[in-house]
Amino acid sequence: AEVKMERFRRLEALQAQIAGEINARYIGQNVPVLFEEKVKERWKGRTETNKLVFVASEENLRGQVRAVCINWAGPWSMLGML
């Protein structure tokens, strides 16, 4: 069980590294995002390739596709500005 868990943790770390490298390529790019809902202070949406993007905005963006400039990228989501 210990070996199994250690291998799983290494695989998780590798996947986070790979996903982070892929998402980092989006920094500085303008990408179309379809917005779904507001979560706390930010709108949550997805790119055409299903990448999760968060944007702070007072506008109601639900159902809209808007261009977003990505300014931060982690392994599981990205932050941007309209």
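Positions are given from 1, in the same order as the sequence printed here. Note that this is a predicted model, so its numbers are computed, not measured. What's counted below: heavy atoms across the whole structure, side chains too, no hydrogens, waters or symmetry copies.
- Membership of the apolar cluster around Ile18 extends to Leu14, Ile22, as traced through chained side-chain contacts below 4.5 Å between ILVMFWY residues.
- Between Leu61 and Trp43 the shortest heavy-atom distance is N-CZ2, 3.5 Å.
- Scanning for salt bridge (Lys or Arg N to Asp or Glu O under 4.0 Å) contacts around Arg62 gives an empty result, with sequence neighbours left out.
- When atom types are taken as modelled, the side chain of Asn23 and the backbone of Gly74 share a donor-acceptor pair closer than 3.5 angstrom.
- When side chains are defined from C-beta on, Phe35 counts as touching Val68, because their heavy atoms get closer than 4.5 Å.
- Looking only at side-chain heavy atoms (C-beta outward), Lys51 and Ile70 stay at 4.5 Å or farther from each other.
- Inter-residue side-chain proximity for Pro32 and Glu48 is flagged as met; some heavy-atom pair is nearer than 4.5 Å.
- Residue Gln29 holds its CD atom at 10.5 Å from OG1 of Thr47, rounded to the nearest 0.5 Å.
- Residue pairs that meet the side chain to side chain donor-acceptor pair (under 3.5 Å) test with at least one member in residues 65-75, sequence neighbours left out, are Glu59-Arg66, Gln64-Arg66.
- Residues Met81 and Val55 are not in side-chain contact: their nearest non-hydrogen atoms beyond the backbone lie 4.5 Å or more apart.
- Note on Glu6 versus Arg9: no salt bridge recorded, every NZ/NE/NH1/NH2 to OD/OE distance being 4.0 Å or above.
- Side-chain contact between Phe54 and Met78: absent, with no pair of heavy atoms (C-beta onward) separated by less than 4.5 Å.
- Side-chain contact between Phe8 and Glu12 is present, with at least one heavy-atom pair separated by less than 4.5 Å.
- Atom NZ in Lys44 sits 6.0 Å away from atom CG in Leu52 (nearest 0.5 Å).
- Of all heavy-atom pairs spanning Pro75 and Ala16, the tightest one is CB-O, 3.3 Å.
- Rounding to the nearest 0.5 Å places OG of Ser77 at 9.0 Å from CZ of Arg42.
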